[in-house]
Enquirer: 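Please read through the structure below; I'll follow up with questions.
Numbers here simply count residues along the sequence, with the first being 1.
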Amino acid sequence: MSSRPGGVLGRLAGKVTERVVETVQPDLVLSHVDVDALVDRVDLNRALARVDLNQLLERVDLNLLLEHIDLNLVLDRIDMDRLIDRVDVERLLERVDIDSLVQRSGLPQIVVESQTRLAGSLIDLVRRQLAGLDAIISRGVTRLLRREPAPRSRTVTGEYAGVVSRATATALDILIITTTFTIGLAGVNLLTSSFWGVEVRALPATIALAVFAFSYAFGFLAVAGRTPGQGIIGLRVVRSDGGTIRPGQALRWVVAFPLSVVLFGLGFALIVFQREHRALHDLIAGTAVVYDWGERPAELPGPLSAFLARHEDGGSP
């Protein structure tokens, strides 16, 4: 029986409260609220502790927020000097993968390509000068023997190589053979003297040098059609009809090479006077030596090419 009046009073109080709320004007109430005093009484730490940041961020529209941000104004208010002073550069660099950054930038490839192009340009410059000397000698011999001069253009790829280029290639091959063999012989001599107390004698060393030179020349000619010295100068050994040299021809070329040396090198003199610039060992092996610079065209120097073109009819300069 006692709970019933309480229930009636509760409902009555609720009705009264509802009526009061409907009657009170919010603007009037808020005008009497001291906001500063209210904020002072708020415990911000407790209030922030009860905030669910994840839920709050989910309800934030970042696109809309960014649209209302004046980036220029924000940047103007940033003290860049203070910001830079607070950056730990050493720690920042420790976290940067320099090797990966360099690789992704492509700098190593650019450096390698630049060096390769520079080396190729320098080699081609030397090749052009040698080919130019070949052309001058060939022109002089042609006029001396009163032969009909062959028309010439700046590009000489596939044409017969002259005596200067061939002599330079042979000198490079001799240098490579002797240097490589000397280093190898020094190593062998060091081992034999250290373990057995025996030094390599002159006769075995000479025989070994001859075998090494033969293997060097025959191996490169049979496989690549040119020795390293010929490759540097831009020459290639081919069949007399211009085809690829066969291993049997490479063997005859190497075996007959000493014959061009005997009798004061008269076998090499044929390179100067023979129309196709073939030495004695070329005639025996059925081969010829031509200009071949690989992917790049073999060329004469520009001024010399123009001079030969103007006087290819055999007239005097």
Enquirer: Would you say the rings of Phe268 and His281 are close, in the sense that their centroids are separated by under 6.0 Å?
Expert: yes
Enquirer: Give a yes or no on whether Ile245 and Val223 share a hydrophobic cluster (residues Ile, Leu, Val, Met, Phe, Trp, Tyr; joining criterion: side-chain heavy atoms under 4.5 Å apart).
Expert: no
Enquirer: Using every non-hydrogen atom in the two residues, find where Trp293 and Ile233 come nearest and quote the distance to one decimal.
Expert: NE1-O, 3.9 Å
Enquirer: CG/Leu266 to OG/Ser260 distance, rounded to the nearest 0.5 angstrom?
Expert: 10.0 Å
Enquirer: State, yes or no, whether a side-chain contact exists between Ser193 and Val198 at a heavy-atom distance under 4.5 Å.
Expert: no
Enquirer: Minimum heavy-atom separation for Ile271 to Ala279, with atom names?
Expert: CG1-CB, 3.6 Å
Enquirer: Has Ser165 got a side-chain atom pairing as donor or acceptor with Ala161's backbone, closer than 3.5 angstrom?
Expert: no
Enquirer: Taking Asn189 for the side chain and Val200 for the main chain, is one N or O donor matched with an acceptor at less than 3.5 Å?
Expert: yes
Enquirer: May I ask whether Leu221 and Leu172 are part of the same hydrophobic cluster, defined by side-chain heavy atoms of I, L, V, M, F, W, Y residues being less than 4.5 angstrom apart, directly or through others?
Expert: yes
Enquirer: Do Val290 and Leu235 touch side chain to side chain, with heavy atoms closer than 4.5 Å?
Expert: no
Enquirer: Checking the side chain of Thr178 only, and the main-chain atoms of Leu175 only, is there a donor and an acceptor separated by less than 3.5 Å?
Expert: yes
Enquirer: Distance from Leu283 atom CG to Leu259 atom CG, nearest 0.5 Å?
Expert: 11.5 Å
Enquirer: Among the clusters formed by ILVMFWY side chains lying less than 4.5 Å apart, do Val261 and Phe273 turn up in the same one?
Expert: yes
Enquirer: Looking only at atom types and distance, does a side-chain atom of Arg278 sit under 3.5 Å from a main-chain N or O of Thr287, one as donor and one as acceptor?
Expert: yes
Enquirer: Run Asp70 and Val74 through side-chain contact (heavy atoms from CB on, under 4.5 Å) and show every step you take.
Expert: CA-CA 6 Å; Asp70 189 346; Val74 172; 5.8 Å; no
Enquirer: For residues Tyr160 and Val289, determine if any side-chain heavy atom of one lies less than 4.5 Å from a side-chain heavy atom of the other.
Expert: no
Enquirer: Drop me the distance from Thr180's OG1 to Leu209's CG, to the nearest 0.5 angstrom.
Expert: 11.0 Å
Enquirer: Looking at Arg128 and Leu300, would you say the former's side chain and the latter's main chain have a donor-acceptor pair under 3.5 Å?
Expert: no
Enquirer: Might you work through the salt bridge (charged side-chain N to carboxylate O under 4.0 Å, His left out) test for Arg139 and Asp134, ending with a clear yes or no?
Expert: CA-CA 9 Å; Arg139 176 178 172 80; Asp134 289 338; over 6 Å; no
Enquirer: Out of curiosity, Thr170 OG1 to Phe257 CZ, how far, rounded to the nearest 0.5 Å?
Expert: 4.5 Å
Enquirer: Can any side-chain N or O of Tyr291 pair as donor or acceptor with the backbone N or O of Pro297 at less than 3.5 Å?
Expert: no
Enquirer: Any idea which heavy atoms bring Ile284 and Ala256 closest together, and the distance?
Expert: CD1-CB, 3.8 Å
Enquirer: Just wondering, do Arg147 and Val141 contact through their side chains at under 4.5 Å, heavy atoms?
Expert: yes
Enquirer: Hey, can you tell me if Phe220 and Tyr216 have their rings parallel, tilted or perpendicular (30° and 60° cut-offs)?
Expert: perpendicular
Enquirer: Could you walk me through whether Ile137 and Val164 satisfy the side-chain contact (heavy atoms from CB on, under 4.5 Å) test, starting with their C-alpha distance in whole Å, then the side-chain angles of each, then the deciding distance to 0.1 Å, before giving a yes or no?
Expert: CA-CA 9 Å; Ile137 294 175; Val164 179; 3.5 Å; yes
Enquirer: Would you say that Val255 contacts Phe218 through its side chain, given a criterion of any heavy-atom pair below 4.5 Å between the two side chains?
Expert: no
Enquirer: Hey, could you give me the CD/OG1 distance between Gln129 and Thr168, rounded to the nearest 0.5 Å?
Expert: 12.0 Å
Enquirer: Taking the side chain as every heavy atom from C-beta outward, state whether Gln230 and Arg236 have any atom pair closer than 4.5 Å.
Expert: no
Enquirer: If you compare all heavy atoms of Ala285 against all heavy atoms of Arg252, which two are closest, and at what distance to 0.1 Å?
Expert: O-NH2, 3.3 Å
Enquirer: Under 3.5 Å, is there a donor on one side chain and an acceptor on the other for Asp282 and Trp253?
Expert: yes
Enquirer: With a 4.5 Å heavy-atom cut-off, do Val237 and Gln249 have their side chains touching?
Expert: no
Enquirer: Please give me the minimum heavy-atom distance between Pro301 and Gly132, naming the atom from each residue.
Expert: CD-CA, 3.9 Å
Enquirer: Distance from Asp124 atom CG to Glu299 atom CD, nearest 0.5 Å?
Expert: 8.0 Å
Enquirer: Considering only heavy atoms from C-beta outward, does the side chain of Arg296 approach that of Arg127 to under 4.5 Å?
Expert: yes
Enquirer: Are Val156 and Val126 grouped together when hydrophobic residues (ILVMFWY) are joined by side-chain heavy atoms under 4.5 angstrom apart?
Expert: yes
Enquirer: Return the minimal non-hydrogen interatomic distance between Ile176 and Pro228, and the atom names on each side.
Expert: CD1-CB, 4.0 Å
Enquirer: Ion pair present between Asp173 and Arg226, side-chain N to carboxylate O less than 4.0 angstrom?
Expert: no
